[in-house]
Asks: 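First the structure, which I've put down as structure tokens, then a few questions once you've had a look.
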Number of protein chains: 4
Amino acid sequence: MAIIVDKVQKRRDIALSCVKLFVQGGIGHLTISEVAKKAGIGKGTFYDYFKNKEAIVFEILNILLEEHSKGKELKISQASSTREKVKMFFDFYSNNEDKELRQIYKEYISISLSNPNKEMVDFQSKCFNTYSSWLKNIIQDGIENKEIIPEALNLSKGLYYFGDGLFFNFSTTNVIGDIKKEIHFYVDSLFDLIEVKK
Amino acid sequence: MAIIVDKVQKRRDIALSCVKLFVQGGIGHLTISEVAKKAGIGKGTFYDYFKNKEAIVFEILNILLEEHSKGKELKISQASSTREKVKMFFDFYSNNEDKELRQIYKEYISISLSNPNKEMVDFQSKCFNTYSSWLKNIIQDGIENKEIIPEALNLSKGLYYFGDGLFFNFSTTNVIGDIKKEIHFYVDSLFDLIEVKK
Amino acid sequence: MAIIVDKVQKRRDIALSCVKLFVQGGIGHLTISEVAKKAGIGKGTFYDYFKNKEAIVFEILNILLEEHSKGKELKISQASSTREKVKMFFDFYSNNEDKELRQIYKEYISISLSNPNKEMVDFQSKCFNTYSSWLKNIIQDGIENKEIIPEALNLSKGLYYFGDGLFFNFSTTNVIGDIKKEIHFYVDSLFDLIEVKK
Amino acid sequence: MAIIVDKVQKRRDIALSCVKLFVQGGIGHLTISEVAKKAGIGKGTFYDYFKNKEAIVFEILNILLEEHSKGKELKISQASSTREKVKMFFDFYSNNEDKELRQIYKEYISISLSNPNKEMVDFQSKCFNTYSSWLKNIIQDGIENKEIIPEALNLSKGLYYFGDGLFFNFSTTNVIGDIKKEIHFYVDSLFDLIEVKK
DNA sequence: GATGAATGAGTTTTCATTCAT
DNA sequence: CATGAATGAAAACTCATTCAT
């Protein structure tokens, strides 16, 4: 009998072995040959596991995002106040561990902006729904705990957009400022307005 | 006597004649041949006016953005309240006249995210500085007019990011909602907090 | 005790299970993977039974042709006159039962015209000899029966070519006419000349 | 001003420069690189003049066939009797000058049998109509000249098929006989039946 | 006996850019 | 000034075949 391979696992393995490659060189100038070489497989094998170059970017993004989400959930739940939770929520845009993920995300967004396909649009929608709900829930909890005023709920979606806009501007600009500081500054400024005065 | 061609004007003419082409088909699959044909010039001539394909996208963006800015300045100055001015500021993301510009901008951002060059980064920085200052000034004026509380100034940059994040999410998602409504809702919610109670 | 597989039978089974596949899609774009899948075997197994893709076309052609010949012999022997026998001989090119065989034959001829190998050439020669002799015998019998004039024997080979030329033209042309009618018309016209007047 | 090239002529030139290549090696294993090299042009230039590999085969076939037809018309018109005209008509299948054309035709037919497209089907139809009419006219003239009996007209189409069938069988078989002799033998045998006895 | 995972050579095609006229 | 013919590097992708298990 022939070898039976865990296709899903091998797909992951190939994807993960190339993360560095994608992060460093960018996707545009990367060839399948290079990718296959890095993964230690033949070009044909690459196509047994991925439909095309975009597919592996997608896979990498999914894997890293999944891992990221798990860790994030824990961190947020451990934060003491709503203010801190929100800051933690936006931590993705500045922390060091997610640097790779951010890079991949950037490349992915680039593709998604110019050549979107249904899969990508769906993925984007899913991401938006998942993460904006997450933020909304944090706010809602804060309201229920009497930490922040009820009107703050209306700001949650806009606050979510803030994060993406920030990310987007830091990605395309070299105005290097401290992104973490900017986040904290904005969140603090906002919370000064919406926190229940004791 | 040789015909003296206004190089700058011809550059503009070529760029403008191709706006539709770029808006419809996207930049990715557009060839220089098509662009030259559309502009009614030879391929060689194209290279007399533009360094490469990206350069014309850049030119188009600059022309449209310049036009846009002029009109915007007027509109904002005519708005009655700070609240309205801010709404007017974000009008770019939803109004019908700027549809083409938004499309070009999207394509441009896509390039800028994956293959930025110095020129682009500078442009992005300039844009960021110009427009975020603009918003800041609006806020500042509002504060000076006693329309809104002084603390609002700290929110201006974050508010600016909100706009980009919104644009970004609507561009990549098919969650079709009314973008104008979302803007107004957020601005209103925020202004309810920062407007000086009379 | 090991299972003893009838190699010859299995070869036939594999070939026959793929007839539809070859008829529908054409050979050009058919992959061994598809063939193996359709036959319910592994790709490796395919190579245990066939040297390459051409080999299975060959096998299919042989099987179908063999079946066809048996039936044909019977039908011809039952025909009442030489005229009818000849019509029956050419029936292959128009009847419905042999549609699949004709399709396969067409594909095979295509290969044979551009990439002939010894095996194919031999096969073609054998076919030519078998079938043209067959036709010749029919004519000869007719002569001996005093149905047709002795000179007709000289026409038998040319008559045989007529069939192939007809097939060839109907295969490459869309001039859809009734192929059966054309056959009968020609055979009748010719027999009017060569039949012994009573 | 840039050079203006006679596109049609250059297309012909490229096509003709490769005739030998196609005749010798067959089309299947020929790469565009080889073709371009032989024609003394770049690969890209090839695609400026031909859509793909098939297109040049088509062009070659058309050129050679056109030339062939001209010469043929003259020869046939000079033949003394209908019998000779018909033999001359089938001369294409055996004479030495048309060897190249036959080879190309063979390759073309191979493509046409397995991957026909509308253009090919139309071409085949046109060829069939043109040449079968030609033969028919020869016969008709013979009838009008009282050389052959009126019933012979019904045989013209079938006679045309004879030629293709002959060609087809000689192309796929190695039964090397003298194709010219076969043609003459059949035509003579047939004419013995249809010529008006004096 | 049977399998299917792995391979990589080989080919088509595109298109930005150049430069002779 | 303007042109468009010519180029060829570069990349994606296919698929027959092998062979370890």
Side-chain angles (χ1 to χ4, degrees), chain A residues 1-7 10 14 28-37 39-54, chain B residues 1-5 7 10 28-37 39-56, chain C residues 1-5 7 10 28-37 39-56, chain D residues 1-7 10 14 28-37 39-54:
Chain A
M1 277 289 273
I3 319 147
I4 300 293
V5 168
D6 181 343
K7 283 243 171 195
K10 177 136 191 181
I14 295 171
H29 301 114
L30 216 50
T31 67
I32 298 291
S33 287
E34 289 173 287
V35 170
K37 200 174 198 175
I41 57 172
K43 251 188 301 184
T45 310
F46 176 88
Y47 283 97
D48 282 347
Y49 290 90
F50 300 96
K51 210 177 108 261
N52 52 34
K53 214 170 35 166
E54 284 176 11
Chain B
M1 203 174 102
I3 309 155
I4 302 296
V5 173
K7 275 247 171 192
K10 178 138 189 182
H29 299 118
L30 215 52
T31 67
I32 297 291
S33 283
E34 289 173 287
V35 170
K37 200 175 195 176
I41 57 171
K43 260 188 293 186
T45 313
F46 176 89
Y47 282 94
D48 286 346
Y49 290 91
F50 299 97
K51 214 178 101 257
N52 53 34
K53 209 168 41 162
E54 285 175 8
I56 194 172
Chain C
M1 204 172 108
I3 309 155
I4 300 296
V5 171
K7 275 247 171 193
K10 178 139 189 181
H29 298 118
L30 216 50
T31 65
I32 297 291
S33 284
E34 290 173 285
V35 171
K37 201 174 192 176
I41 58 170
K43 261 188 292 187
T45 311
F46 176 88
Y47 283 94
D48 286 345
Y49 289 91
F50 300 96
K51 213 178 104 259
N52 53 34
K53 211 167 39 162
E54 285 174 8
I56 193 172
Chain D
M1 278 290 275
I3 321 146
I4 300 293
V5 168
D6 182 344
K7 283 243 170 193
K10 177 136 192 181
I14 295 172
H29 299 114
L30 216 49
T31 67
I32 299 291
S33 287
E34 288 173 288
V35 171
K37 201 174 197 174
I41 58 170
K43 252 186 300 184
T45 310
F46 176 89
Y47 283 97
D48 282 348
Y49 291 90
F50 301 96
K51 213 177 105 261
N52 52 37
K53 216 168 34 166
E54 283 175 10

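Values reported hereafter were calculated over all heavy atoms of this structure, with side chains retained and with hydrogens, waters and symmetry mates removed. Owing to the predicted nature of the structure, the values given are computational and were not obtained by experimental measurement. Sequence lines set the chain letters: A, B, ... in the order given, protein chains first and strands last, and positions in each chain run from 1.
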Asks: Do you know the tightest heavy-atom contact between D/F50 and D/I14?
Replies: CE1-CG2, 3.7 Å
Asks: So which one's nearest nucleotide on DNA chain E is more toward 5', B/S33 or D/L30?
Replies: D/L30
Asks: May I have the distance from D/Y47 (atom OH) to E/dC15 (atom C1'), rounded to whole angstrom?
Replies: 13 Å
Asks: What is the distance, to the nearest angstrom, from the CG atom on A/D48 to the P atom on F/dC15?
Replies: 12 Å
Asks: Calculate the interatomic distance between A/D6 atom CG and E/dG4 atom P; express it in whole Å.
Replies: 16 Å
Asks: Whole angstrom is fine here: how far is it from CD in C/E34 over to P in F/dT14?
Replies: 12 Å
Asks: Side chains of C/I56 and C/Y49: does their closest heavy-atom pair fall under 4.5 Å?
Replies: no
Asks: May I have the distance from C/I32 (atom CD1) to F/dT14 (atom P), rounded to whole angstrom?
Replies: 17 Å
Asks: Can you tell me how far the CD1 atom of B/I41 sits from the OH atom of B/Y47, to the nearest 0.5 Å?
Replies: 11.0 Å
Asks: Atom CD of A/E54 to atom C1' of F/dC13: distance rounded to whole Å?
Replies: 15 Å
Asks: For B/T45, which contact category applies under a 4.0 Å heavy-atom criterion: base, sugar-phosphate, or nothing?
Replies: base
Asks: Tell me, please, which residues at least two apart from C/K53 pass side-chain contact (heavy atoms from CB on, under 4.5 Å).
Replies: C/I32
Asks: Starting at the 5' end of DNA chain F and moving along, which residue's nearest nucleotide shows up first, C/K51 or B/G44?
Replies: B/G44
Asks: Between F/dC15 atom P and C/I56 atom CD1, what is the distance in whole Å?
Replies: 17 Å
Asks: Looking at D/K7, I'd like to know if its NZ atom is crowded, meaning that more than 12 non-hydrogen atoms belonging to other residues, nucleotides or ligands lie closer than 6.0 Å.
Replies: yes
Asks: Nearest to the side chain of D/N52, heavy atoms from C-beta on, is which of F/dA12, E/dT13, E/dC15?
Replies: E/dT13
Asks: Please classify the nucleic acid contact of D/Y49 as base, sugar-phosphate, or nothing, using heavy-atom distances under 4.0 Å.
Replies: sugar-phosphate
Asks: Counting only distance, no hydrogens or angles, is the base of F/dG4 paired donor-acceptor with the side chain of B/K37 under 3.5 Å?
Replies: no
Asks: Taking a pair as Watson-Crick (N1 to N3 plus N6-O4 or O6-N4) or G-U wobble (N1-O2 and O6-N3), both under 3.5 Å, which stems of 3 or more consecutive pairs involve DNA chain F?
Replies: E:2-21 with F:2-21
Asks: Measure across C/H29 and C/E34 and return the closest heavy-atom pair with its distance rounded to 0.1 Å.
Replies: O-OE1, 3.6 Å
Asks: Could you give the CZ-to-P distance, from D/F46 to E/dT11, as a whole number of Å?
Replies: 15 Å
Asks: Identify, between B/G40 and C/K53, the residue whose nearest nucleotide on DNA chain F lies closer to the 5' end.
Replies: B/G40
Asks: In Å and rounded to the nearest 0.5 Å, what is the NZ to NZ distance from D/K43 to D/K37?
Replies: 11.0 Å
Asks: Between D/K7 and F/dA5, is there a side-chain N or O to OP1/OP2 distance below 4.0 Å?
Replies: yes
Asks: Taking N and O atoms by type only, does the side chain of D/K43 place a donor or acceptor under 3.5 Å from a partner on the base of E/dT13?
Replies: yes
